[in-house]
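One-based numbering, in listed order, for ligands and for the atoms of each. These values consider heavy atoms only, across backbone and side chains, with no hydrogens, waters or symmetry-generated copies.
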Amino acid sequence: MGLRRSLAMLVLVLLLYFDSLPYVKAQSSATNGSSRALDTLLQDYAYRALVRPVTGNVYDGTVPSNLTGIKIAALRLRSGSLRRRGVNKYKEFRIPKGLLATPYVIRLVLVYQNLGNWSSTYYQTQLPNYTFLAPVLGLLAYNGTDLSATNLQELNLTVSGNPISIKFEGASPVPDGAVARCVLFDLQGSFNFSNITEGNTCSASQQGHFSIVTESIGPSPSPAPSPVQAPSEKAEKKSNRKVWITVGSVLGGLAFLVLLSLLVLWVQKFKQKKKRQQMEREADVGEALHMAPVGDTKAPAASGTRTQPTLEHEYAP
Ligand SMILES: *[C@@H]1O[C@H](CO)[C@@H](O)[C@H](O)[C@H]1NC(C)=O
Ligand SMILES: *[C@@H]1O[C@H](CO)[C@@H](O)[C@H](O)[C@H]1NC(C)=O
Ligand SMILES: *[C@@H]1O[C@H](CO)[C@@H](O)[C@H](O)[C@H]1NC(C)=O
Ligand SMILES: *[C@@H]1O[C@H](CO)[C@@H](O)[C@H](O)[C@H]1NC(C)=O
Ligand SMILES: *[C@@H]1O[C@H](CO)[C@@H](O)[C@H](O)[C@H]1NC(C)=O
Ligand SMILES: *[C@@H]1O[C@H](CO)[C@@H](O)[C@H](O)[C@H]1NC(C)=O
Ligand SMILES: *[C@@H]1O[C@H](CO)[C@@H](O)[C@H](O)[C@H]1NC(C)=O
Ligand SMILES: *[C@@H]1O[C@H](CO)[C@@H](O)[C@H](O)[C@H]1NC(C)=O
C-alpha cells in the first residue's frame with residue numbers, strides 16, 4: 001500500500017520535473033521581455049562599479065560570468081550639468097548640451113551597455129529579417145541618488161538641441177548591394193530606422209538601444225529556412241545540442257527509474273505472495289498461530305479455524 005503510494009508520488013514528481021523543462025528552454029531563448037530583464041540586471045551591475053564615484057568620471061563595470069562578452073559602464077552626473085554642458089565623449093556616445101531627463105532628479109546615472117556577441121541573442125527576435133553589422137549599444141538613464149538601488153525605472157531622455165551621436169567603431173562591412181541603416185530600439189519594444197551619417201554614425205533623440213543593421217539577403221525563393229536563423233545558427237546549434245543532452249539524460253533517467261520501480265513493485269508483490277502463502281500454511285497448522293505477528297493478522301487466520309484459536313487465545317499470556 002505505502003509502496004504504491006510512494007511510487008505514485010515518484011511518478012508525479014518526475015512528471016512535474018519533466019513538465020518544467022520547456023520553461024528552462026524558453027528562458028534561454030531571446031524574447032522582447034528578456035531584453036528588458038537584461039536592462040534591469042545590467043543597471044544593478046553597472047551601479048556596483050560606482051563606489052564613491054567622482055562626478056563625471058566613467059566607471060567600467062563587470063557583468064556576471066554567464067553574460068561574458070557584454071560590456072557595461074556607469075557615469076554619474078548632475079542633471080543640471082548634463083543639460084548645460086552635455087558629455088563630450090562617453091564610449092561611442094557624444095551627448096550635446098540640452099539633454100533633458102524626466103522626471104527630474106538631482107543626480108542621474110547614465111548606464112552604458114555594449115551587448116557584443118549577445119546582441120542578436122537579445123535583439124534578433126525584434127528584427128528577424130535583419131543582420132547586425134555592429135553590436136547593440138545601450139544608453140539608459142536612472143535616478144542617481146541611491147547607488148545601491150536596484151529595479152530602478154529608466155528616466156526618459158529627450159534632446160532639446162542637437163541629437164546624441166553614436167559612432168560605431170569596427171562595424172562589419174556592408175554586403176554588396178545591401179543598405180545599412182541605423183536602428184533604435186525603444187524601451188516599449190518598438191524600433192525605428194534612420195540613415196547612417198558619415199563614418200558609421202547614428203543619431204538619436206532619446207534613450208534606448210542602437211545598432212547598425214542591413215536587411216538579410218536570404219535565399220529568397222525558398223520560404224522554409226527563414227533567413228532569421230543565419231546569424232545565430234551556431235549558437236542555436238550549440239544550445240540545441242545542450243537541450244538534446246538534457247532531454248536525453250532526463251529520458252534515460254526516467255526509463256531507469258520506471259524499470260527500477262517495476263522491479264521493486266514486482267519484488268514486493270512476490271514477497272507479499274510468499275508471505276500470504278506462508279500465513280495460509282501457518283493457519284493450516286493451527287498450533288503455530290501464536291507465532292504469527294499479533295494484531296490484525298490474527299483475524300484472517302482465525303476465520304479459517306474459528307473455534308480453536310479463540311480457545312487457545314485464552315491460554316495465551
Ligand atoms: C546571470 O547570472 C546572474 C547572477 O548570477 C543572474 O541574476 C541572472 O539571472 C543570470 N542571467 C542569465 C541570462 O542567465
Ligand atoms: C560571447 O563570448 C564569450 C567569450 O568571449 C562567451 O563566453 C559567450 O558565451 C559568448 N556569448 C554568446 C551568446 O555566444
Ligand atoms: C521576414 O521576411 C519574410 C519573407 O521574406 C516575411 O514573410 C516576413 O513577414 C518578414 N518578417 C518581418 C517581421 O518583416
Ligand atoms: C530618486 O531617488 C531618491 C532616493 O531613493 C528619492 O528620494 C527620489 O524621490 C527619487 N526621484 C525620483 C524622481 O524618483
Ligand atoms: C517615458 O515616456 C514613455 C513614452 O514616451 C511613457 O510611456 C513613460 O511613462 C515615460 N516615463 C516616465 C518615467 O516619464
Ligand atoms: C514587445 O513588448 C511590447 C509591450 O511590452 C509590445 O507592445 C511589442 O509588440 C512587443 N514586441 C515584440 C517584437 O514582441
Ligand atoms: C520613427 O522615426 C520617425 C522619424 O524620425 C518618427 O516620426 C517616428 O515617430 C518614429 N517612430 C517611433 C516608433 O519611434
Ligand atoms: C535616408 O536617405 C535617403 C537617401 O539616401 C532619403 O531618401 C531618405 O529620405 C532618408 N531618410 C531619412 C529619414 O532621412
**Report entry** Residue Y104 vicinity, atoms of ligand 4 by number, heavy atom under 4.0 Å
**Finding:**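 Heavy-atom distances to Y104 below 4.0 Å select 13 (C).
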Report task. For V105, take its heavy atoms, then give the atoms of ligand 4 lying under 4.0 Å from any of them. Result ->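 Listed by number with element: 11 (N), 12 (C), 13 (C).
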Report task. Please tell me if the side chains of F132 and S211 come closer than 4.5 Å, counting only heavy atoms from C-beta onward. Result ->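 F132 vs S211: side chains touch.
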Numbering as shown, the atoms of ligand 2 that approach [X] to under 4.0 Å (heavy-atom distance):
| X | value |
| --- | --- |
| N117 | 1 (C), 2 (O), 3 (C), 8 (C), 10 (C), 11 (N), 12 (C), 13 (C), 14 (O) |
| T68 | 1 (C), 2 (O), 3 (C), 8 (C) |
| T121 | 13 (C) |

Report task. Check each of I164, L110, N156, L139 against Q207 using the side chain to side chain contact (heavy atoms under 4.5 Å, CB included) test, and report the only one that passes. Result ->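 The option that passes is N156.
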Query - Candidate list W118, F191, F185, test side chain to side chain contact (heavy atoms under 4.5 Å, CB included), partner Y123, passing option - result: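 Between Y123 and the candidates, side chain to side chain contact (heavy atoms under 4.5 Å, CB included) is satisfied uniquely by F185.
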**Report entry** Donor-acceptor under 3.5 Å (S216 side chain, N129 main chain)
**Finding:**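 Pair found, side chain donor or acceptor close to backbone of N129.
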Query raised in the report: Between the main-chain N or O of L77 and the side-chain N or O of S81, is there a donor-acceptor pair closer than 3.5 Å?
Result: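 Answer holds: no.
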Report task. Anything under 30° is parallel, anything over 60° is perpendicular, the rest tilted; go ahead and classify Y142 against Y47. Result ->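 Perpendicular, since the angle between the ring planes exceeds 60°.
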Query raised in the report: Any side-chain donor-acceptor pair under 3.5 Å between H209 and D39?
Result: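 Looking only at side-chain atoms, D39 and H209 do form a donor-acceptor pair, the distance falling under 3.5 Å.
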Report task. For residues 149-180, pull every pair meeting ring-ring contact (aromatic ring centres under 6.0 Å, His included), keeping only residues two or more places apart or in separate chains. Result ->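 Listed once each, the pairs would be none.
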Any protein N or O within less than 3.5 Å of an N or O in ligand 5? List each pair with its distance, or say none.
{"residue": "ligand 5", "atom": "2 (O)", "partner": "N156", "partner atom": "OD1", "Å": "3.4"}
{"residue": "ligand 5", "atom": "2 (O)", "partner": "N156", "partner atom": "ND2", "Å": "2.2"}
{"residue": "ligand 5", "atom": "11 (N)", "partner": "N156", "partner atom": "ND2", "Å": "3.0"}
{"residue": "ligand 5", "atom": "14 (O)", "partner": "N156", "partner atom": "ND2", "Å": "3.4"}

